[in-house]
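Written out below as structure tokens is the structure these notes cover.
Everything numeric here is computed off the predicted structure, so don't read it as measured data. Read the numbers this way: they start at 1 and go in the same order the structure lists the ligands and their atoms.
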Amino acid sequence: MKYLIAANWKMHKTVAETLEYLEIFLPSVKDLFAVDIMIAPPFTALASASIKLDAAKKEGEYNVFLGAQNMFYAEKGAYTGEISPLMLNELNVDYVIVGHSERRQIFGEKDNLINNKVFSAIEHGIRPILCVGETLEEREQGITLKVVENQIRKGLAGLGADIQFVDIAYEPVWAIGTGKNATPEQAEEVHRFIRSLINELSKGNDDKTRILYGGSVKPENARDLIKQPNINGFLVGSASLDPKKFYQIITEVLEV
Ligand code: 13P
């Protein structure tokens with residue numbers, strides 16, 4: 001299984017800053033095919049990033065993919081402020097992050113909406129990265145696995161073997177943007193559980209589904225995390241905003 005190292009920039013970087021970043025980052029990952037790399041800029045910078053990436057791919061070999069941070073499930077309609085899968089298709093977007101905890105907590109996204117987005121993304125050839133994870137309160141109550149199971153069962157409901165077209169990101173909410181990552185053992189416990197769950201739900205068709213860890217991933221902790229057998233890549237926030245740090249995380253993974 002090829003691991004996926006993904007950057008979620010969240011609400012950071014203008015068009016100019018995005019182009020500046022790619023100018024530095026792309027040469028560092030030229031001809032690097034051992035892992036899949038994904039970058040998810042904000043919507044306003046997607047088109048420019050897409051053009052820049054296409055141009056780079058005409059000049060050399062890059063295994064870098066473009067991601068969106070969110071998507072609505074309908075193709076078009078009266079949905080003020082939303083972005084459709086067709087709009088992402090037009091920009092050659094390969095991945096979409098779905099159900100991020102910030103979308104769930106700040107924007108009130110529920111599992112059935114997230115499930116609709118997962119279906120629509122797959123239908124339009126965009127690979128969803130379904131995010132799940134418990135809050136600190138839930139962890140302290142000892143219900144982490146129950147929370148994650150519920151999010152996965154509902155988020156992937158009705159997919160069956162199509163789970164092979166999805167990646168999962170386990171992002172404990174208490175580890176996001178706090179500098180405090182889950183220990184490799186804490187993460188591995190949940191990843192192992194997710195692997196067995198999606199194996200059951202997909203009836204064994206989960207060998208292409210990567211389970212990413214997210215939450216304060218940085219060059220200093222990437223190596224110990226990626227050594228865990230059920231951690232198949234990362235979804236990186238803050239540390240991905242610096243092209244050198246993001247590249248360092250990639251090299252840590254390659255060295256393991
Ligand atoms: P940080 O890496 O900033 O903790 O963010 C993680 C995240 O939410 C990625 O989606």
State whether [X] and [Y] are salt-bridged, where the test is any N-O pair (Lys NZ or Arg NE/NH1/NH2 against Asp/Glu carboxylate O) under 4.0 Å.
X: D206; Y: R195; answer: yes
X: E252; Y: K227; answer: no
X: R104; Y: D111; answer: yes

So which residues get pulled into F72's cluster when ILVMFWY side chains under 4.5 Å apart are joined, directly or through others?
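Besides F72, the hydrophobic cluster comprises Y73, Y79, L113, listed by chain and residue number.
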Contacts of E17 that satisfy side chain to side chain contact (heavy atoms under 4.5 Å, CB included) - sequence neighbours left out
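Per chain and number, E17 pairs via side chain to side chain contact (heavy atoms under 4.5 Å, CB included) with K13, T14.
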Side-chain donor-acceptor distances from residues 47-58 under 3.5 Å, at least two apart:
unit_1 : atom_1 : unit_2 : atom_2 : d
S50    : OG     : L91    : O      : 2.7
K52    : NZ     : E23    : OE1    : 2.5
K57    : NZ     : V64    : O      : 2.7

Run through ligand 1 for me and note each protein residue having a heavy atom under 4.0 Å from it, chain first, then residue number.
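Lining ligand 1 at under 4.0 Å, by heavy atoms, one finds N8, K10, H100, E171, A175, I176, G177, G215, S216, L235, G237, S238.
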